Amino acid sequence: MSYLDELNESQRVAVENIYGPTMVIAGAGSGKTRVLTYRIAFMLDQGIDPFNILALTFTNKAAREMTERISNIVGGQEAKNISMGTFHSVFSKILRFNADRIGFPNNFTIYDTQDSKSLIKDIIKEFNLDDKTYKPSGVFSRISSAKNSLISPEAYLNNDEIQLEDKQSRRPELGRIYQTYANRCQKSGAMDFDDLLYFTNILLRDFPEVLHYYQQKFQYILVDEYQDTNYAQYLIVKKLAAAFENICVVGDDAQSIYSFRGANIQNILNFRQDYPDFKLFKLEQNYRSTKNIVEAANSVIKKNKDQINKKVWTDNIIGEKLKVIRTLTDNEEGKTIAGRLFETKQGVGSNWSDFAILYRTNKQSRAFEEALRKLNIPYKIYGGLSFYQRKEIKDLLAYFRLAANPRDEEALKRVINYPKRAIGKTSIENIIIAANRYNVSMWDVITDFNQYPAEVNSGTKSKIYEFTTMISSFNAQLNKLNAYELADTIAQASGVMRELMDEKEKGPEEVERYQNIEELLSGIQEFVKSGDSDEFKSLSDFMIEVALLTDADEGQTEDRNHVSLMTIHASKGLEFPYVFLVGLEENLFPSQMSLNTRTELEEERRLFYVAVTRAMNACTLSYASSRFVWGQLISSEPSRFIDEIEPEYLHFETPQRGAGRSLMGGGFERQHTGGLNKNPGLSQPNLKSLKDIQGNGKSESPGEQDIKVGYNVEHDRFGKGKVTKLEGNGADRKATIFFPHHGSKTLLLRFANLIILEE
DNA sequence: CCAGTACTTAGGTTG
DNA sequence: TAAGTACTGG
């Protein structure tokens with residue numbers, strides 16, 4: 001067990017204490033991941049069966065990293081048998097296995113946040129409520145926090161306190177929306193992210209034999225980032241650990257930055273009460289940063305009232321003081337930081353990947369992007385839209401979801417008319433009305449109009465019939481074709497591939513979309529090939545894996561030598577030799593929204609602590625004295641957090657030369673436009689009425705009766721084109737026309753004003 | 001059905 | 001400012 005020699009004293013005792021309740025408070029950079037992985041390795045060395053170990057993390061990234069590290073120590077086969085992953089992935093598997101007990105199909109789909117919000121939006125509309133008082137995202141977060149506190153819709157409606165709260169905030173219908181939302185999810189055989197935790201709790205609460213089984217299975221439980229657990233997660237862990245109490249939680253209260261999402265610092269305090277005989281270990285030696293960095297961070301975080309007493313220290317060199325740079329505008333901040341970064345790289349001869357620029361909000365990235373690009377510095381922005389959230393990917397995935405679970409309402413709504421198959425908005429609305437009336441899913445309605453009559457005309461019905469037949473045929477092949485074969489079939493047969501192929505002519509964005517689809521398909525092929533050769537991997541297996549993946553940067557092995565740009569939240573758990581922490585201004589960091597309460601301000605301070613402690617060798621702080629906010633130049637004050645650092649760790653730099661001019665040049669140009677544009681616009685109405693007269697005078701628009709497929713026609717905007725298809729009757733009569741310069745378009749003849757050139 | 005325009009809104013982010 | 005949505009005219 002040579003690896004034990006690599007640990008310091010407090011790390012080693014934390015690793016070896018594998019029985020009984022244990023809490024490890026791990027300061028920033030103190031080797032937390034190392035302790036967790038070695039602890040598991042030590043357990044296996046002690047003869048503990050990997051099947052009996054449950055290790056929970058918060059992010060896929062953390063789970064991957066831990067799996068990898070443990071495989072390196074104990075070998076892949078052993079590591080594979082440990083239940084290791086995020087809360088959501090581990091418990092979604094358990095839920096699939098036991099789905100029938102809680103009224104879900106075992107192939108239930110998982111709604112992401114977009115799906116949830118779109119469903120909520122629909123419900124608000126159906127209830128005829130004003131979507132300003134009932135904002136979908138606000139309603140969603142209310143429902144989310146109810147679920148995370150394990151409050152059922154019924155309990156929500158029966159709780160006087162909650163009802164009073166909602167009445168006072170003028171949103172008395174929230175409870176009914178929650179109830180309807182939950183009901184619709186259930187009918188659709190779908191769970192959202194919060195449901196995965198909520199229903200795990202229900203399962204363990206209502207089925208003692210299930211609880212007993214998993215208590216016996218998971219005799220040893222480890223939880224990483226314990227300060228980020230919410231109530232639902234806390235309770236799952238508590239229930240599972242009740243039989244053996246071999247539970248180890250690892251965290252750092254000073255790095256709790258997700259309370260706005262329901263994470264609860266109280267869980268650390270509860271731990272003391274739940275397990276009075278628990279052992280506490282503190283990892284206080286920082287191996288990451290210089291003395292100046294560690295002490296600067298300490299001097300700020302000690303201003304917080306709510307914290308567990310500890311003293312993070314380091315044996316590392318003193319290092320440079322933290323530089324503080326002031327610039328006059330946000331754009332200049334970008335230029336200055338980019339220049340400084342370039343100089344540092346030249347000076348020390350390091351890699352671009354040794355540098356990170358961290359900011360409070362995503363929108364700050366722009367100024368740095370521009371400046372880095374001008375200096376030809378490679379960079380990568382983390383965060384933003386992930387691969388699986390792109391429109392074209394979600395569209396195709398929606399077909400996959402339907403293949404596995406045709407009742408999935410959000411997936412159905414997404415693709416029932418994509419690519420266009422003449423199933424209009426009104427028909428879809430009427431289908432939903434019928435589904436609600438009979439309390440069944442949309443799929444039930446559209447596959448059995450006899451039993452569930454809906455106001456849909458017969459032409460549309462036959463289109464729908466084609467669609468449902470197609471989906472059913474995908475569904476029938478789920479266990480016959482492997483994931484790649486079926487995915488490829490769907491991509492072709494659904495028409496998604498052809499749609500994107502046609503659009504490829506339009507421009508680079510469309511080409512990229514097509515390539516994204518290709519990338520998804522080749523990803524599925526890889527998925528099929530991975531693992532044992534004779535193992536059958538179905539498309540639903542793939543969907544299970546992918547539903548909980550949100551990391552965009554999977555499989556991007558190319559060129560990793562770049563500067564990293566990300567929010568501080570995204571930087572948690574990472575480290576960089578050189579960190580630039582930018583935008584340190586009041587109302588930006590700390591955020592304006594956090595200034596109301598002490599607890600919110602303390603969370604901002606912890607965020608600042610996290611940011612500073614990412615740095616290994618040097619940390620540079622910067623702020624601008626004015627910046628553009630929503631198109632307006634506003635002046636700003638340096639952040640209070642700069643003042644809170646003991647001055648002995650700081651080095652203030654003088655402002656850059658020539659800056660005054662740039663303020664004049666860039667700042668005040670944007671006023672004094674317009675002013676002459678006050679004329680009442682007489683010409684507009686005149687023009688319009690002229691057109692009206694023309695329209696009326698034409699008696700009949702040409703072509704209504706005599707247009708045919710194959711005709712060459714001319715359109716006043718798209719120019720010349722050829723008719724490829726005709727459909728609909730009367731006012732709905734439309735033509736699909738291929739225009740060489742604009743691609744294929746479907747136009748209502750009523751409005752198109754086509755001129756027939758030749759037959 | 002398509003495309004242009006009027007209007008609104010703006011936090012951090014995992015699964 | 002920028003992006004997203006709702007509305008409207010052809």
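These numbers were taken from a predicted model, which means no experiment stands behind them. Just so it is clear: chains get the letters A, B, ... in the order the sequence lines come, proteins before strands, and each one is counted from 1.
Looking at A:Leu754 and A:His715, their side chains come closer than 4.5 Å, going by heavy atoms from C-beta outward.
If you take CZ of A:Phe628 and P of C:dT1, they are 8 Å apart, rounded to a whole angstrom. Protein atom CE of A:Met593 is 13 Å distant from nucleotide atom P of B:dT9, rounded to whole Å. What separates CG of A:Asp330 from P of C:dA2 is a distance of 12 Å, to the nearest Å. In this structure, the CG atom of A:Leu595 is 16 Å from the P atom of B:dG11, given to the nearest Å. In this structure, the CG atom of A:Asn148 is 16 Å from the P atom of B:dT14, given to the nearest Å. Atom CG in A:Asn753 sits about 16 Å away from atom P in B:dA3, given to the nearest Å. In this structure, the NZ atom of A:Lys135 is 17 Å from the C1' atom of C:dA6, given to the nearest Å. The CE atom of A:Met566 sits 15 Å away from the C1' atom of B:dT14 (whole-angstrom rounding).
Here A:Glu499 does not pair with A:Lys420 in a salt bridge; the nearest charged N to carboxylate O distance is not below 4.0 Å.
If you check every strand for non-hydrogen atoms under 4.0 Å, A:Ser92 touches nothing. A:Tyr258 comes within 4.0 angstrom of sugar-phosphate atoms only, judged by non-hydrogen atoms across all strands, and of no base. At a threshold of 4.0 angstrom between heavy atoms, the contacts of A:Arg366 are confined to the sugar-phosphate backbone, with no base atom among them. Within the nucleic acid shown, A:Glu604 comes within 4.0 Å of at least one base atom, counting heavy atoms only. Within 4.0 Å of A:Asp228, counting heavy atoms only, lies no atom of the nucleic acid at all. Note on A:Lys425: nothing from the nucleic acid sits closer than 4.0 angstrom, heavy atoms only. At a threshold of 4.0 angstrom between heavy atoms, the contacts of A:Thr86 are confined to the sugar-phosphate backbone, with no base atom among them.
Taking every side-chain heavy atom of A:Thr567 into account, B:dG12 is the closest of C:dT5, B:dC2, B:dG12. Comparing B:dG11, C:dT5, B:dG12 by their nearest atom to the side chain of A:His569 picks out B:dG12.
At the phosphate of B:dT13, OP1 or OP2 sits under 4.0 Å from a side-chain N or O atom of A:Asn362. A sub-4.0 Å separation between OP1 or OP2 of B:dG15 and a side-chain N or O of A:Asn60 is present.
A perpendicular orientation is assigned to the rings of A:Phe108 and A:Phe104, their planes being inclined by more than 60° (bins at 30° and 60°).
Mapped onto DNA chain C by nearest heavy atom, A:Leu747 and A:Lys125 fall at different nucleotides, with A:Lys125 at the one closer to the 5' end. Two residues, A:Trp630 and A:Leu748, neighbour DNA chain C, and the one matched to the more 5' nucleotide by heavy-atom proximity is A:Trp630. For the pair A:Lys420 and A:Ser594, nearest-nucleotide mapping onto DNA chain B gives the more 5' position to A:Lys420.
With sequence neighbours excluded, no residue satisfies salt bridge (Lys or Arg N to Asp or Glu O under 4.0 Å) with A:Glu369. Residues meeting the salt bridge (Lys or Arg N to Asp or Glu O under 4.0 Å) test with A:Arg366, sequence neighbours left out: A:Glu370.
B:dG15 has no stacking from A:Phe58 on its base ring, since the centres under 5.5 angstrom apart and planes within 30 degrees of parallel are not both found.
A:Tyr181 and A:Ser116 are linked by a side-chain donor-acceptor pair at a separation below 3.5 angstrom, with hydrogens and angles left out of the test.
A donor N or O paired with an acceptor N or O is found under 3.5 Å between the base of B:dG15 and the side-chain atoms of A:Thr113.
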